[in-house]
Protein chains: 2
Amino acid sequence: MGMTKGPYTCGIDAAIDVVGGKWKVLILWALHERTRRFGELRRELPGVSEKVLIQQLRELEADEIVHREVYREVPPRVEYSLTDFGASLNDALRPLGAWGREHMARIVRIRATAGDVPEEAERVSRR
Amino acid sequence: MGMTKGPYTCGIDAAIDVVGGKWKVLILWALHERTRRFGELRRELPGVSEKVLIQQLRELEADEIVHREVYREVPPRVEYSLTDFGASLNDALRPLGAWGREHMARIVRIRATAGDVPEEAERVSRR
DNA sequence: GTGCGTACTGACCTACAGGTCAGTACGGGC
DNA sequence: GCCCGTACTGACCTGTAGGTCAGTACGCAC
């Protein structure tokens, strides 16, 4: 995804570099309500593979967004939670989530209507 | 990028589907201040290829985020601007941009320090 | 000693976003 | 007749994010 990009051109660039993985925002969303075990997270994100889930959790941990707590038991137990830093990121994402929720219907409608591409002649404005 | 994903799991998912291209947020950012010609945009986004820039502009146009105005002159002139819908998306992105700008130094520092991966033993908490 | 549940790890593969580069249409200037 | 600048288009290639799947360590229960 991102990771080790050169100096960012703007703040959004930097944020996307941190949260740009396929499942990362969903992970943040899931951890927002409460601490979760690895297996819980996997069940929470239908379609994610174990490999990628761990991978993205590790990256988020490296970025100090999530905290990983290992309990040396058998069978093993690992709990993931948001750090304060992660919580602040989640807050910053909230307006975007609200926008998406608010306009989801419109987006879906546009997507469904796609293919009705107007001819170039019609797209052009006469001067 | 996104395009025609199934029903979204949450609002952020939907928003990312719209704005998830490599250059799309930068395009929004550039158009936020003022209308731009195609060539201006290309110069504004160092590293973008013409093909991809056009592609992403077309997708944003299809999503009613940007407006494309063609002036039938020679040489051709095409101006891109934000729609009201696009402006609202830009507003929703602002907190994320602020977060990134605010914590950019930290992110860069973390990235630079990466490789100092603590041993598993040290990462584990004794109970 | 066989099988269980958990949280991983690693080799392998694939799809596709995005990059490269050459080509097109248009009229104006020389 | 030829080249210029602009805004594209399309064939081709590549890097890599992410998916599949098989394997591991660990103690406990039976």
Side-chain angles (χ1 to χ4, degrees), chain A residues 1-5 13 16-27 35-62 66-81 117 119-121 123-127, chain B residues 1-5 13 16-27 35-61 66 68-81 117 119-121 123-127:
Chain A
M1 59 233 43
M3 298 276 115
T4 323
K5 276 212 310 198
D13 242 28
I16 288 181
D17 199 33
V18 170
V19 86
K22 182 170 179 186
W23 304 96
K24 287 187 179 178
V25 293
L26 297 178
I27 292 171
T35 290
R36 308 252 185 184
R37 300 185 55 172
F38 176 77
E40 284 182 283
L41 276 176
R42 179 160 41 83
R43 268 169 262 124
E44 198 76 7
L45 311 181
V48 73
S49 67
E50 292 193 351
K51 190 199 101 182
V52 171
L53 178 54
I54 289 175
Q55 201 172 282
Q56 310 219 340
L57 281 168
R58 288 286 151 83
E59 289 171 4
L60 289 172
E61 190 196 0
V66 312
H67 173 70
R68 178 172 176 268
E69 189 80 25
V70 178
Y71 299 90
R72 297 236 140 172
E73 304 169 352
V74 169
R77 182 160 63 100
V78 179
E79 288 187 350
Y80 293 92
S81 56
V117 185
E119 302 292 316
E120 169 71 10
R123 302 172 65 222
V124 165
S125 64
R126 323 278 160 182
R127 48 174 334 218
Chain B
M1 63 236 44
M3 298 273 116
T4 325
K5 276 210 314 199
D13 242 28
I16 288 180
D17 200 33
V18 170
V19 87
K22 182 170 179 185
W23 304 96
K24 288 187 179 178
V25 294
L26 297 178
I27 291 171
T35 290
R36 308 253 185 185
R37 300 186 55 174
F38 176 77
E40 284 183 283
L41 277 176
R42 179 160 41 85
R43 266 169 264 125
E44 199 75 7
L45 312 181
V48 72
S49 67
E50 292 194 350
K51 191 199 99 183
V52 172
L53 178 55
I54 288 174
Q55 201 172 283
Q56 309 219 341
L57 282 168
R58 287 287 150 81
E59 288 170 4
L60 289 172
E61 189 195 2
V66 313
R68 177 172 176 269
E69 189 80 23
V70 178
Y71 299 90
R72 297 235 139 174
E73 305 169 352
V74 169
R77 180 160 64 100
V78 179
E79 289 189 349
Y80 293 91
S81 55
V117 185
E119 301 293 315
E120 169 73 10
R123 303 172 63 223
V124 165
S125 63
R126 322 278 159 185
R127 52 171 333 212

J.: Using 0.5 Å steps for rounding, measure from the CD1 atom of A/I16 to the NZ atom of A/K24.
T.: 12.0 Å
J.: Please tell me if B/Y71 has a side-chain N or O lying less than 4.0 Å from either OP1 or OP2 of C/dC26.
T.: no
J.: Taking 4.0 Å as the cut-off, does a side-chain nitrogen or oxygen of B/R58 come that near to OP1 or OP2 on D/dC8?
T.: yes
J.: Determine: side-chain N/O of A/Q56 to OP1/OP2 of D/dG18, distance under 4.0 Å, yes or no.
T.: yes
J.: Between D/dG19, D/dC8, C/dG19, which nucleotide has the shortest distance from any of its atoms to the side chain of B/E50?
T.: D/dC8
J.: What is the distance from atom OH of A/Y80 to atom CD of A/E61, rounded to the nearest 0.5 Å?
T.: 7.0 Å
J.: Just how far, in rounded Å, is C1' of D/dT6 from CZ of B/R68?
T.: 13 Å
J.: Respond yes when some side-chain nitrogen or oxygen of B/R37 is under 4.0 Å from OP1 or OP2 of D/dA7, and no when none is.
T.: yes
J.: Measuring from A/R58:CZ to A/L53:CG, what's the distance to the nearest 0.5 Å?
T.: 10.5 Å
J.: Please list, chain by chain and in numerical order, all residues satisfying side chain to side chain donor-acceptor pair (under 3.5 Å) with A/R37, sequence neighbours excluded.
T.: none
J.: From D/dG5, D/dC12, D/dC8, pick the nucleotide closest to the side chain of B/K51?
T.: D/dC12
J.: For C/dG27, does either OP1 or OP2 sit under 4.0 Å from a side-chain N or O belonging to B/R77?
T.: no
J.: Can you tell me how far P of C/dA17 sits from CD1 of B/I16, to the nearest Å?
T.: 15 Å
J.: Is any side-chain heavy atom of B/R68 closer than 4.5 Å to one of B/L57?
T.: no
J.: To the nearest 0.5 angstrom, please state how far the CG atom of A/D13 sits from the NZ atom of B/K22.
T.: 10.0 Å
J.: Work out how much the helix from C/dG1-D/dC30 to C/dC30-D/dG1 bends between its end axes, five pairs an end, to the nearest 10 degrees.
T.: 30°
J.: Starting at CD of A/Q55 and ending at P of C/dA7, how long is that distance when rounded to a whole Å?
T.: 18 Å
J.: Please give, in whole Å, the distance from D/dG18 P to A/I54 CD1?
T.: 15 Å
J.: Holding to salt bridge (charged side-chain N to carboxylate O under 4.0 Å, His left out), I want the full list of residues that pass it with A/R43, two or more places apart in sequence or in another chain.
T.: none
J.: Which whole-number value in Å describes the distance from B/L41 CG to D/dC8 C1'?
T.: 14 Å
J.: OG of A/S49 to CZ of A/R42: how many Å apart, nearest 0.5 Å?
T.: 10.5 Å
J.: Would you indicate which nucleotide in D/dT20, C/dG5, D/dT6 comes nearest to any side-chain atom of A/P76?
T.: C/dG5
J.: Choosing from D/dC8, C/dG19, D/dG19, which nucleotide comes nearest the side chain of B/V78?
T.: D/dC8
J.: Just the rounded figure in Å: distance from C1' of D/dA17 to CG of A/L53.
T.: 15 Å
J.: Checking contacts here: which listed nucleotide (C/dG10, C/dG27, D/dA7) is nearest the side-chain heavy atoms of B/V74?
T.: C/dG27
J.: Could you give the CZ-to-P distance, from B/R72 to C/dA25, as a whole number of Å?
T.: 14 Å
J.: Side-chain N or O of B/K22 less than 4.0 angstrom from OP1 or OP2 on C/dG19?
T.: yes
J.: When the distance from CD of B/E40 to P of D/dC8 is rounded to whole Å, what number comes out?
T.: 13 Å
